[in-house]
Undergrad: 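Dumping the structure here so I can ask a few things about it.
Numbers for residues simply follow the sequence, beginning at 1. Both backbone and side-chain heavy atoms feed into the values below; hydrogens, waters and symmetry mates do not. Computed from a predicted structure; not experimentally measured.
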Amino acid sequence: AKIIIVDMSDPEYVKDRMNINQVVEIFDHHFGHEDFWREQLGAKSHIEKVGSCATLIFEEFEKKKMQISTLTANLLYTAIFSNTLNFNAGVSCDRDRLAFKELKKYTDLPNSWEEIYYSELSRDVFINPREALIKVIKTSNISGHKETFIIGQLELWNSKEFIINNKELIKKVLSSKNSDFWFFTAPSISEGKNYVLCQNKKLQNILSSIIGVTFRSNMGVTNKLWLRKEILRELQNFTVSNV
């Protein structure tokens, strides 16, 4: 088999799940492993600074002059505004906006699709919060930190309500991963800020330093929207600058 990897690039994660020598190409927008894949794949490694990996996939359609189906266009279009928090995240760039604009020509989605998408996502999350939480947990080992980070993220139209209603459940699900260094971050699209739940005081101080979150009774709020991958990047930078 020949494998093309999309939207992730951690070599250890890959090695645990497949024969890494079968990987022939990679498309990603997460950073930290560029040197490994450049050495492994050369020009077939596409790890670039865009807000959404879907942008890279659309650009590949364009380069190869491939016909794009309505279903594929719908999925890529949705992934771009979802990955960029409707273009409010700091990772958003002009390439994302251009791909989004071009993809719209091939979609059959309603004009209010962004609001419909987030509303339906929120509805499903509120119906079964435990299942939703389990699906969005990421375990990260960051160079320079001896602790294992357990990070949950849910992007919702109104995330404050979700955290307030499910605070104990969030604590139970994330703390079950056997690390005190856990936190839950929920971008609230309608408000343009994140709500963060974290019990560890040391981790609270780190998060306050790197993303400006203000905590009160273990629940904090930021003054802008943050994606998990942006927070992970800041955690890595904080480590480097404070060793």
Side-chain angles (χ1 to χ4, degrees), residues 7-10 12-13 28-35 47-52 82-93 96 133 136-156 158-164 166-243:
D7 208 20
M8 58 84 64
S9 55
D10 185 337
E12 296 306 315
Y13 183 91
D28 194 22
H29 61 146
H30 301 93
F31 287 85
H33 307 291
E34 304 94 307
D35 292 342
I47 302 178
E48 304 185 35
K49 290 183 178 180
V50 291
S52 174
S82 177
N83 289 168
T84 61
L85 300 181
N86 208 16
F87 300 99
N88 290 309
V91 295
S92 309
C93 70
D96 299 304
L133 286 167
V136 298
I137 294 175
K138 180 181 179 67
T139 300
S140 296
N141 292 298
I142 301 173
S143 177
H145 286 284
K146 63 181 180 180
E147 301 88 354
T148 296
F149 289 83
I150 309 297
I151 308 170
Q153 175 183 273
L154 275 173
E155 309 103 54
L156 300 169
N158 181 348
S159 64
K160 182 178 181 180
E161 181 184 358
F162 177 80
I163 290 186
I164 290 175
N166 297 282
K167 190 177 294 185
E168 294 306 315
L169 176 62
I170 294 169
K171 292 177 183 178
K172 184 176 181 179
V173 172
L174 270 74
S175 62
S176 69
K177 298 299 179 178
N178 300 318
S179 173
D180 291 333
F181 259 53
W182 64 261
F183 67 93
F184 177 76
T185 174
S188 188
I189 310 300
S190 63
E191 299 177 276
K193 56 189 176 184
N194 285 41
Y195 291 95
V196 182
L197 187 65
C198 174
Q199 288 186 307
N200 186 291
K201 298 302 180 184
K202 180 180 177 181
L203 184 51
Q204 284 185 12
N205 291 335
I206 293 174
L207 292 171
S208 295
S209 296
I210 64 174
I211 62 171
V213 58
T214 303
F215 282 97
R216 180 176 295 175
S217 299
N218 298 329
M219 182 170 170
V221 62
T222 64
N223 59 10
K224 70 168 205 171
L225 288 168
W226 288 88
L227 286 165
R228 175 167 47 196
K229 59 193 169 201
E230 295 179 287
I231 299 174
L232 283 168
R233 181 194 62 205
E234 295 301 320
L235 280 169
Q236 181 67 61
N237 293 339
F238 178 86
T239 303
V240 172
S241 63
N242 288 275
V243 170

Undergrad: Report, as yes or no, whether the 6.0 Å neighbourhood of atom NZ on Lys160 holds more than 12 heavy atoms from other residues, nucleotides or ligands.
TA: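 Not more than 12 within 6.0 Å, no.
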Undergrad: Verify side chain to side chain contact (heavy atoms under 4.5 Å, CB included) between Lys49 and Val91, making sure each step is shown before the conclusion.
TA: CA-CA 8 Å; Lys49 290 183 178 180; Val91 295; over 6 Å; no
Undergrad: Between Ser179 (side chain only) and Thr148 (backbone N and O only), is there a donor and an acceptor less than 3.5 Å apart?
TA: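 Present.
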Undergrad: If I take atom CG from residue Asn223 and atom NZ from residue Lys193, how far apart are they, to the nearest 0.5 angstrom?
TA: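 So the CG of Asn223 and the NZ of Lys193 are separated by 9.5 Å.
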Undergrad: Between atom CZ of Arg228 and atom CG of Leu235, what is the distance when rounded to the nearest 0.5 Å?
TA: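 Going from the CZ atom of Arg228 to the CG atom of Leu235 covers 12.0 Å.
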Undergrad: Going through the distances and angles, do Trp226 and Val196 end up as a side chain to side chain contact (heavy atoms under 4.5 Å, CB included)?
TA: CA-CA 10 Å; Trp226 288 88; Val196 182; over 6 Å; no
Undergrad: Kindly give the heavy-atom pair with the smallest separation between Cys93 and Gly51, and that separation in Å.
TA: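 That would be SG-N, 4.4 Å.
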Undergrad: Does Phe31, at its CZ atom, have more than 12 non-hydrogen atoms belonging to other residues, nucleotides or ligands within less than 6.0 Å?
TA: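 Enclosed.
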Undergrad: Does Ile151 offer a backbone N or O that forms a donor-acceptor pair with the side chain of Lys177 under 3.5 Å?
TA: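 Between the backbone of Ile151 and the side chain of Lys177 there is no qualifying donor-acceptor contact (under 3.5 Å).
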Undergrad: Would you say Ser140's side chain and Ile142's backbone share a donor-acceptor pair under 3.5 angstrom?
TA: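 The answer is no, because no donor-acceptor pair under 3.5 Å joins these two groups.
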Undergrad: Check the pair Glu191, Leu225 against side chain to side chain contact (heavy atoms under 4.5 Å, CB included), reporting the backbone distance first and the verdict last.
TA: CA-CA 9 Å; Glu191 299 177 276; Leu225 288 168; over 6 Å; no
Undergrad: Checking Asn200 side chain against Lys202 main chain: does a donor-acceptor pair fall under 3.5 Å?
TA: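 Looks like yes, one N/O pair under 3.5 Å.
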Undergrad: Side-chain polar contacts of residues 203-210 - donor-acceptor pairs under 3.5 angstrom, sequence neighbours left out - could you list them?
TA:
unit_1 : atom_1 : unit_2 : atom_2 : d
Gln204 : NE2    : Cys198 : O      : 2.7
Gln204 : NE2    : Asn218 : OD1    : 3.0
Asn205 : ND2    : Lys201 : O      : 3.3
Ser208 : OG     : Gln204 : O      : 2.9
Ser208 : OG     : Val213 : O      : 2.9
Ser209 : OG     : Asn205 : O      : 3.0

Undergrad: Specify the closest pair of heavy atoms between Glu147 and Asn141, including all atoms of both residues, with the distance to one decimal.
TA: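 In terms of heavy atoms, the two residues are closest at O-OD1, 4.4 Å.
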Undergrad: Check the angle between the aromatic planes of His145 and Phe238 and answer parallel, tilted or perpendicular using the 30° and 60° thresholds.
TA: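 Rings of His145 and Phe238: parallel, as their planes differ by under 30°.
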Undergrad: Taking all non-hydrogen atoms of both residues into account, name the closest pair between Gly32 and Glu34 and its distance.
TA: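 For Gly32 versus Glu34, the nearest heavy atoms are N-OE1, 2.8 Å.
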Undergrad: Test side chain to side chain contact (heavy atoms under 4.5 Å, CB included) on Val173 and Phe184; report intermediate values, then the result.
TA: CA-CA 10 Å; Val173 172; Phe184 177 76; over 6 Å; no
Undergrad: Closest approach of Ala186 and Ser159, non-hydrogen atoms and distance?
TA: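 Smallest heavy-atom distance, with atoms named: O-OG, 2.8 Å.
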Undergrad: Measure the spacing between CD1 of Ile189 and CG of Asn194 and express it to the nearest 0.5 Å.
TA: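 That separation rounds to 8.5 Å.
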Undergrad: What's the separation between atom CG in Leu197 and atom CG in Leu174, rounded to the nearest 0.5 Å?
TA: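 Interatomic distance, Leu197 CG to Leu174 CG, rounded to 0.5 Å: 8.5 Å.
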Undergrad: How far does CG of Leu85 sit from CG of Leu227, to the nearest 0.5 angstrom?
TA: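 Interatomic distance, Leu85 CG to Leu227 CG, rounded to 0.5 Å: 4.0 Å.
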Undergrad: Counting only heavy atoms not in Asp180, do more than 12 sit closer than 6.0 Å to its CG atom?
TA: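 No.
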Undergrad: Measure the CZ-OG distance between Phe87 and Ser52 for me, rounded to the nearest 0.5 Å.
TA: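 Spacing of CZ (Phe87) from OG (Ser52) equals 8.5 Å.
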Undergrad: Is the side chain of Glu230 donor-acceptor paired with the backbone N or O of Ala89 at a distance under 3.5 Å, no angle test?
TA: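 Checked: no pair found.
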